[in-house]
Amino acid sequence: MELITLNTKNTTYQIGVEPNGFLLHLYYGARTEGDMSTLLTRYFRGNNGVPYDHKGDGTYSADSLPQEYSCYGSGDYRNHALRMADASGVQGADFRYQSHRFYEGKAEIPGLPSSYGKEGVGSCEIILTDARLQAELTLTYGIFYEEDVITRSVSVKNTGEQALWLDKIMSMSMDFLTGEYQLIHFWGRHFNEMNTEITPVGHELVSIGSRRGVSGHQHNPFVILAQKECGEEYGSCYGISLVYSGNFTIQAEQDQYCQTRIQAGLSDEMFHYPLAAKETFYTPEVLLAYSADGLTRLSQIYHAFIRDHICRGRFQHIRRPILVNNWEATYFDFTGEKLVEIAREAADLGIEMFVLDDGWFGSRGPDDRGLGDWVVNEKKMGGTLDSVVKKIKSLGLQFGIWFEPEMVNEDSDLYRAHPDWALTIPGKPPVLGRTQLVLDFSRKEVRDAIFAQMTAVIDSTQVDYIKVDMNRSICEAYSYGADYQNFGTLCYRYMLGVYEFFERLTKRYPDLLIEGCSSGGARFDAGLMCYTPQIWASDNTDAIERLNIQYGISFGYPVSVIGSHISAVPNHQNGRITEIDTRAAVAMSGNFGYELDLTKLSGEEKDKIRHQIADFTEHWELIHHGLYYRDSSPLEQKEYCAWNYTSPDRTEALLTVITTNTRANSPVSYVRCRGLDRDAMYRCDETGFSYSGNILSSIGIPLPIVPGEYHAFRFHFKKED
Ligand code: GLA
């Protein structure tokens with residue numbers, strides 16, 4: 001058997017090419033030498049799933065061998081990765097290996113965002129063909145050696161003259177010969193994203209995904225397949241992060257021989273894609289990582305990778321401006337004068353940017369009208385936008401503004417002029433979300449019209465930042481455009497349109513900071529992060545609920561992509577009252593900002609804000625670029641929630657603790673601070689004591705007992721000489 005071996009610094013991935021042209025998945029895990037086909041067995045499997053060229057050999061079963069990319073029709077009856085049909089709709093494929101090659105660097109995926117890298121990055125491409133379908137399948141692997149990440153994507157080309165049909169095409173599929181696994185995944189809803197759930201993978205399909213046209217609040221397209229015993233600091237685990245923001249599916253199950261298969265890629269629901277002669281279809285990319293040392297290491301691989309090989313542009317590595325956003329301060333009830341008042345306070349406090357949220361355009365406010373008309377409402381603003389922006393900028397602030405380009409209200413000039421630009425189904429009243437419809441971004445003319453409106457505003461007012469929102473899901477997958485009428489193509493084409501739109505924006509404005517948003521975290525994925533180096537993680541700004549959301553996010557995404565603000569109390573979403581220090585400690589674990597009416601604060605609160613801004617500015621490098629450690633789990637229902645950042649050279653660490661459950665005469669909580677040099681001593685700014693790195697890492701420090709809940713503690717440790 002010919003072997004194709006991909007090595008990163010600490011991992012090995014091996015594929016075997018059978019003499020019959022089948023590709024077998026031999027191994028993915030800790031770096032290993034040798035031929036892993038020795039793990040394969042050929043037992044009699046009831047003479048089932050035998051490819052024709054093995055006729056008579058009952059020990060060769062495609063249904064039990066570990067497949068690298070299983071196709072429907074090959075004799076593998078398990079959950080397959082590819083299902084294709086010929087022009088007359090006859091499903092069944094038989095792809096066989098033709099060739100493979102390694103090359104330096106990493107190719108882009110046409111129309112789709114993907115990871116990038118230059119030095120030390122290589123790729124491998126395996127080509128298979130199907131003689132009946134006249135199609136060519138390419139499996140592409142990116143090998144990030146230092147980063148310990150392997151990427152996968154797939155393309156299929158129709159090399160014949162007849163149209164073909166794609167009914168399922170996963171970005172990756174992987175088989176494990178042995179082991180008991182559980183799937184760690186992240187579910188949620190609006191205001192309550194990224195809850196961590198652990199589901200054992202047994203003999204039924206564990207399946208998460210989205211059929212909403214966006215990746216969604218309900219399931220995040222990042223999962224971990226972990227060995228049963230895996231914890232933060234020990235055990236084997238695999239991460240799968242999909243670089244895609246639309247309909248997806250991730251599925252895992254054990255087969256009849258207790259082998260585990262996991263797959264990730266485009267959802268095959270609402271997918272029925274005609275592949276014209278000579279056309280090539282590209283799947284989104286997945287980012288795979290493996291840790292032999294538990295979940296912390298796996299998360300740190302993703303943190304560094306998303307920061308360095310997914311995010312891009314001027315703001316990739318620099319501190320983003322500390323902002324104040326007027327949404328929770330005013331909602332729609334503002335005037336230009338009110339905005340300037342808030343901005344004046346902001347400038348006085350040391351805030352660096354003012355962001356004007358929803359409500360500044362067309363007939364907007366309330367939220368059942370105006371989307372689609374990106375023309376300044378000068379009556380409301382009391383003059384041109386430019387005049388207001390000039391006043392704000394003269395205070396020394398930068399200026400940002402909100403858009404929701406993919407949406408339209410029926411009550412808008414755009415909809416009245418172009419009702420066919422919205423996704424609706426002829427003869428069926430459309431389903432509404434926040435009284436709005438989705439614009440057909442699969443159509444270039446629609447994107448062009450919105451792009452022209454947006455750029456007119458951005459250009460005329462010299463905007464420094466935009467928040468790009470997307471506040472409803474797609475329900476009517478029907479296009480009135482000339483090309484894409486089909487429900488089976490629309491959601492994919494829509495995403496290609498959205499990505500093309502972001503590509504254009506980022507190319508035209510390389511210095512513009514773009515924050516993604518989708519009713520908070522409904523499009524919080526590595527796909528969007530290729531364009532927006534930060535994403536508003538949730539519309540829930542309550543510090544305590546955010547602990548759980550930001551905990552979930554930390555498994556697959558770095559702190560530097562999270563948008564996180566201090567808002568007013570009682571909190572607008574749940575009515576909870578927390579101290580401003582607690583709100584600050586949580587909001588600083590992200591791109592720090594404020595979202596409240598600064599003109600209504602007390603003198604004491606203003607002093608605290610000045611202090612917070614200085615504090616964040618001092619520590620942001622450690623927070624954004626340090627190694628992130630979870631020091632507690634909400635799943636364990638401890639008395640506190642804690643996490644720390646440790647500088648890569650281990651000379652410094654910042655530990656944050658929030659008490660979440662107060663009890664009288666309670667046992668002492670010892671909170672660990674991880675990642676330190678165990679042989680060194682560290683001095684703590686707050687307690688004034690010196691601690692050994694070993695004790696901080698293994699036992700921790702005792703928390704003072706403070707009455708009341710939701711108290712924040714911060715401990716900054718510096719290595720002693
Ligand atoms: C969404 C966003 C909020 C805010 C509102 C404005 O809900 O997530 O942050 O921008 O829209 O309508």
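None of these values were measured; they are calculated from a predicted model. For the numbers below, each heavy atom of this structure counts, side chains included, while hydrogens, waters and symmetry mates do not. One-based numbering, in listed order, for ligands and for the atoms of each.
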- Task: Can you sort out which atoms of ligand 1 are near Cys517, meaning under 4.0 Å from one of its heavy atoms?
- Result: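 Selected atoms, number and element: 2 (C), 8 (O).
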- Query: With a cut-off of 4.0 Å, which atoms of ligand 1 are near a heavy atom of Gly520?
  - Reply: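 Every atom of ligand 1 under 4.0 Å from some heavy atom of Gly520: 8 (O).
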Ligand 1 versus [X], non-hydrogen atoms closer than 4.0 Å: side chain, backbone, both, neither?
X      : result
Glu595 : neither
Asp367 : neither
Asn325 : neither

- Task: Distance to 0.1 Å, residue and atom name: give those for the protein heavy atom nearest to atom 7 (O) of ligand 1.
- Result: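 Result: Asp539 OD2, 2.7 Å.
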- Query: Any idea which protein heavy atom is nearest atom 4 (C) of ligand 1, and the distance to it?
  - Reply: Asp357 OD1, 3.4 Å
- Message: Just checking Tyr594 against His565, ring centres under 6.0 Å apart?
- Response: no
- Has Lys467 got any heavy atom lying under 4.0 angstrom from an atom of ligand 1? yes
- Query: Can you say whether the rings of Trp374 and Trp360 are parallel (under 30°), tilted (30 to 60°) or perpendicular (over 60°)?
  - Reply: tilted
Looking at [X] and [Y], does any basic side-chain N land under 4.0 Å from a carboxylate oxygen?
X      : Y      : answer
Glu269 : Arg211 : yes
Asp615 : Arg714 : yes
Arg583 : Glu579 : no
Asp358 : Lys467 : no

Regarding ligand 1, does [X] bring an N or O atom to under 3.5 Å of one of the ligand's N or O atoms?
X      : result
Asp358 : yes
Phe332 : no
Ser518 : no
Arg364 : no
Trp327 : no

- Task: Quick one: do Phe555 and Tyr302 satisfy ring-ring contact (aromatic ring centres under 6.0 Å, His included)? Show the steps, please.
- Result: CA-CA 8 Å; Phe555 281 93; Tyr302 279 102; over 10 Å; no
- Donor-acceptor under 3.5 Å (Gln534 side chain, Ser560 main chain): no
- Message: Using a 6.0 Å distance limit plus a 45 degree cone around the ring axis, check whether Arg546 lies over the aromatic ring of Trp536.
- Response: yes
- Item | Selected option - heavy-atom contact closest to atom 2 (C) of ligand 1, from Asn540, Asp469, Asn471 |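 Result: the heavy atom closest to atom 2 (C) of ligand 1 is in Asp469.
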